[in-house]
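If you're wondering where the values come from, they're calculated on a predicted model, not measured in any experiment. Note on naming: letters A, B, ... go to the chains in the order of the sequence lines (proteins, then strands), and numbering restarts at 1 for each one.
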Protein chains: 4
Amino acid sequence: MHASPPPSSTVRQRRKEARPQELLDAALALFVEKGFAATRSEEVAIRAGVSKGTLYLYYPSKEELLKAVIRHNLSRILADSVNIAEGFEGPTSDLLATLLRTWWDQVGETPAGGIHKIIMAEVRNFPEIAEFYYHEVILPARELISKTIQRGVDSGEFRAVSPQEVTQVLIAPLLFLALHKHSFGACPISMNAIEPAQVIEAQIDIVLRGLLSPERPPL
Amino acid sequence: MHASPPPSSTVRQRRKEARPQELLDAALALFVEKGFAATRSEEVAIRAGVSKGTLYLYYPSKEELLKAVIRHNLSRILADSVNIAEGFEGPTSDLLATLLRTWWDQVGETPAGGIHKIIMAEVRNFPEIAEFYYHEVILPARELISKTIQRGVDSGEFRAVSPQEVTQVLIAPLLFLALHKHSFGACPISMNAIEPAQVIEAQIDIVLRGLLSPERPPL
Amino acid sequence: MHASPPPSSTVRQRRKEARPQELLDAALALFVEKGFAATRSEEVAIRAGVSKGTLYLYYPSKEELLKAVIRHNLSRILADSVNIAEGFEGPTSDLLATLLRTWWDQVGETPAGGIHKIIMAEVRNFPEIAEFYYHEVILPARELISKTIQRGVDSGEFRAVSPQEVTQVLIAPLLFLALHKHSFGACPISMNAIEPAQVIEAQIDIVLRGLLSPERPPL
Amino acid sequence: MHASPPPSSTVRQRRKEARPQELLDAALALFVEKGFAATRSEEVAIRAGVSKGTLYLYYPSKEELLKAVIRHNLSRILADSVNIAEGFEGPTSDLLATLLRTWWDQVGETPAGGIHKIIMAEVRNFPEIAEFYYHEVILPARELISKTIQRGVDSGEFRAVSPQEVTQVLIAPLLFLALHKHSFGACPISMNAIEPAQVIEAQIDIVLRGLLSPERPPL
DNA sequence: TATGAATGAGGATTCATTCAT
DNA sequence: GATGAATGAATCCTCATTCAT
């Protein structure tokens, strides 16, 4: 009612700048948890600590919000992987093992890991997503892994396998773990959960072993 | 198989008996394609060739329809696998290879393969589904594979790996292929698609090789 | 499957002839219990022991069924009353008392007593009902009671009251009892129910006493 | 009545505060006119000058709206009556006459008089309503009248009648008038309508006369 | 006649989006 | 910018009515 002190723009300012991030995080969490169609936009707003109206100040529709969530989280997905690969020296098996472990730590374990669930569920409803996910993520990721495998083959460390298919064999269990974590893994009824770290180690152990050239001594 | 008694059933009758199956098939297809929440019940009806009202003659709500779809498709999912495993004689690697190939042919390639996409997307909204899917499908499937791996370990054919984790490594790529087939795989924008059969063969080749005891001669 | 004996038309016949009555009874009971709009026509059919389709063989719509129910039960409503009044000799108070008691026994206590609840609830939705109820029931009933009161006034037994208003005073509690019986009276939670017989006797006692000429000795 | 503080509330605000009342009034009118089941929720909204959606902002379902209507109108129903009775000095017949006339003016003549029609029509569908209406209205009302009659009996003004039954005889015509007003009374086809005021006076005249002790001089 | 499967208009309710404050 | 009251299109589901058998 009486004049309030000039709003110490800092707090408000800081919040304002953080808004998009907060909204994106809230949306990610809810879309992963309940699915895009089943998440109400007000829920997103509430979770981000703002009102319904404010959400629409930043994103013009729920659909645009979805795309922003995906676009925003896509960048994190490959994150360090490329860097790691570039400078790496040493056996290719070590590189692959590092890549897998890193991905799980940097992505699988973080909320961004849920993005795959959203995409898997919604690509068919939003074909444009397919396009940029394919170019921004699938292709670079496959290329990274394929090249790495090729490197192993070239150096004689691996058998002469087909990099394309092996790439799938290598990636699938990780993505699957991420999907599981956000579906069954998040269900209240604990069901002797998968222990991701152990599965990843088993995966590394077995697949890399399966790739090695027979004339080489086992790891 | 042999001549059945002259169908006393009228056309109307026959339709009535076929309805649940028709509705279930339509629902499966749409739920897989668009997701549960994003599918309108009328769409299901139309796709099954009936009217909105008829759908509700057979299933009291969209939610019950979803459960029926899952329940109905559950049976197919393990189907032959258990039989195959029981009578099998020969190297465990052959058995595992057969199981994987059979699963893909019997489930992955059929509409039932889409069930996994639905479940992954909806378990968190329908905890009861999580429960019975876990008990009816996940657990039996894991057990089947785990036991088979153990058999290989016991016979000395495989290294002394931990069956639980290896089971994941073995199953994940197949389920992932099924998920892919119904998400990216179904997108119009062809993106040098994964060739499931080849991935499966690569998976068999690499993982089984990675399981073999070192002292044994390679396959 | 084998030829059945020629349908002993009697049973079927009897049922067929009883149908309209059975349907009307079922409808009356349900309309009274749940209201017209809230009663499904299939419920009526089931309660009458026939199928939905059969109901429509007898009444072309739910609305017509309602009107038939009302029309059918209207006739019973005055029933014997007129006869009683015509031949009656003796004090007017006795005649009025008899009329009230008879109405309650013949109508109030029977399912037809519920008709008032239906009519009260539905006249405004079906104005035509108002018309024939007014002519078939209200008017004759009022006339019967009014004339009887007038008779008492004429004979010097009653004070010089206005028959119109006293008619209301006389009738209202009976109709109200009937309404109560089918609303609160039918609720599971027994709430120290009104005892109709006693209320009627109190009504007779008090109102007739209130009507008597002061110079006459009390009853 | 005197100047209220300058309303800091905006138009929007004021509307918001008025909404529940407006909705309740609209609902009361329509439920009384057409019945609960036959009233569409959109009609209520339109009558209150808002859209369908707005109704649901204030009441979560049509059923809850009904309950709110009843609950809200309950308070008015006994209103002054108890106060009148408490302070009253003078003959019991005067008190009873005042109570009846007041009830008609305060309730019977107002929209709240329609509540009885709704309840009569719907109690069997909403047993909870029966319960709280019974405890909040019926019981207190009966008690008030019964005690008053007892007072007359105790003072020797009335004969030794049973208060319970006489209460019914006293109340029924008033409630019946209220019911009539909202059913037949509201029908376009004028049918030499009941004149409530006159019926009430006749009722007072006759019933009170019927209650008086014979040894007392008539009114 | 009698049945009950099928229909689809109608009604309750939800929720993305707008907009006055 | 921020809010949250208001809107109404969209969707689930019901049920009066029809009609092939």
Side-chain angles (χ1 to χ4, degrees), chain A residues 7 9 12-13 15-16 19 37-46 49-65, chain B residues 9-17 19 37-46 49-65, chain C residues 7 12-13 15-16 19 37-46 49-65, chain D residues 9-17 19 37-45 49-65:
Chain A
S9 74
R12 186 113 179 204
Q13 205 60 35
R15 292 226 58 193
K16 205 199 310 186
R19 281 288 149 72
T39 298
R40 284 180 302 141
S41 36
E42 188 169 18
E43 288 180 281
V44 176
I46 289 173
V50 299
S51 74
K52 236 178 330 179
T54 302
L55 170 58
Y56 282 84
L57 247 33
Y58 291 88
Y59 302 97
S61 73
K62 201 177 137 185
E63 200 171 316
E64 284 308 317
L65 175 60
Chain B
S9 54
T10 63
V11 171
R12 189 96 166 229
Q13 203 61 35
R14 259 206 310 287
R15 297 226 61 189
K16 194 203 162 180
E17 275 152 24
R19 280 288 141 72
T39 298
R40 282 181 302 137
S41 44
E42 189 169 16
E43 289 179 277
V44 175
I46 289 172
V50 299
S51 73
K52 230 181 340 179
T54 301
L55 169 59
Y56 284 89
L57 244 36
Y58 293 87
Y59 302 96
S61 72
K62 208 175 118 180
E63 201 170 316
E64 284 305 318
L65 175 61
Chain C
R12 186 110 180 205
Q13 205 60 34
R15 293 226 57 192
K16 203 195 319 186
R19 280 287 150 73
T39 298
R40 284 180 302 140
S41 37
E42 186 169 18
E43 288 180 279
V44 175
I46 290 172
V50 299
S51 74
K52 235 176 331 177
T54 303
L55 170 60
Y56 282 84
L57 247 32
Y58 291 88
Y59 302 97
S61 73
K62 202 177 136 185
E63 200 171 316
E64 284 307 317
L65 175 60
Chain D
S9 52
T10 63
V11 171
R12 188 96 168 233
Q13 203 59 36
R14 263 208 308 290
R15 298 225 62 189
K16 194 205 160 177
E17 273 151 25
R19 280 288 141 73
T39 299
R40 282 180 301 135
S41 43
E42 189 170 15
E43 289 179 278
V44 175
V50 298
S51 73
K52 234 179 337 176
T54 302
L55 170 58
Y56 284 88
L57 243 35
Y58 293 87
Y59 302 96
S61 72
K62 208 175 122 182
E63 200 170 318
E64 284 306 318
L65 175 60

Exercise. Roughly, in whole Å, what's the span from CG in L55(D) to C1' in dG8(F)?
Worked result: 14 Å

Problem set entry | Partners passing side-chain contact (heavy atoms from CB on, under 4.5 Å) against Y56(A) (at least two apart in sequence or in another chain) | S41(A)

Problem set entry | Contact list for residues 53-62 of chain D, test salt bridge (Lys or Arg N to Asp or Glu O under 4.0 Å), sequence neighbours left out | none

For this session: For DNA chain E, produce a single dot-bracket line, 5' to 3'. Pairs: Watson-Crick or G-U wobble, both distances under 3.5 Å. Symbols: ( ) within strand, [ ] crossing, | other strand, . unpaired.
Result: .||||||||||||||||||||

Seminar exercise, completed: Sorted by chain and number, sequence neighbours left out, side-chain contact (heavy atoms from CB on, under 4.5 Å) with E63(A) holds for S61(A), K67(A), F126(A), E128(A)

Problem set entry | Where A37(B) and A37(A) come nearest, the two heavy atoms and their spacing | CB-CB, 3.6 Å

Exercise. Say you draw a straight line from CG of L55(C) to CD1 of I46(C); how long is it, rounded to the nearest 0.5 Å?
Worked result: 11.0 Å

For this session: Name the closest nucleotide to the T54(C) side chain, picking from dA2(E), dT3(F), dA5(E).
Result: dA2(E)

For this session: Give the rounded distance in Å between these two atoms: CD1 of I46(A) and C1' of dG4(F).
Result: 11 Å

Seminar exercise, completed: Contacts of T39(B) meeting side chain to side chain donor-acceptor pair (under 3.5 Å) (sequence neighbours excluded), chain-then-number -> none

Seminar exercise, completed: For nucleotides 10-17 of chain E, 5' to 3', base contacts (B), sugar-phosphate-only contacts (S) and non-contacts (-) with protein non-hydrogen atoms under 4.0 Å give BSSBBSSB

Exercise. Separation of R19(B) atom CZ from dA6(E) atom C1', in whole Å?
Worked result: 8 Å

For this session: Please name the pair of heavy atoms, one in A38(A) and one in E43(A), separated by the smallest distance, quoted to 0.1 Å.
Result: O-OE1, 4.0 Å

Exercise. Which sits closer to the 5' end of DNA chain E, S51(C) or G49(B), going by the nucleotide each is nearest to?
Worked result: S51(C)

For this session: Give Y58(B) one of three labels, base, sugar-phosphate or nothing, depending on what nucleic acid heavy atoms sit under 4.0 Å from its own.
Result: sugar-phosphate

For this session: Any chance you could measure Y58(A), atom OH, to T54(A), atom OG1, to the nearest 0.5 Å?
Result: 7.0 Å

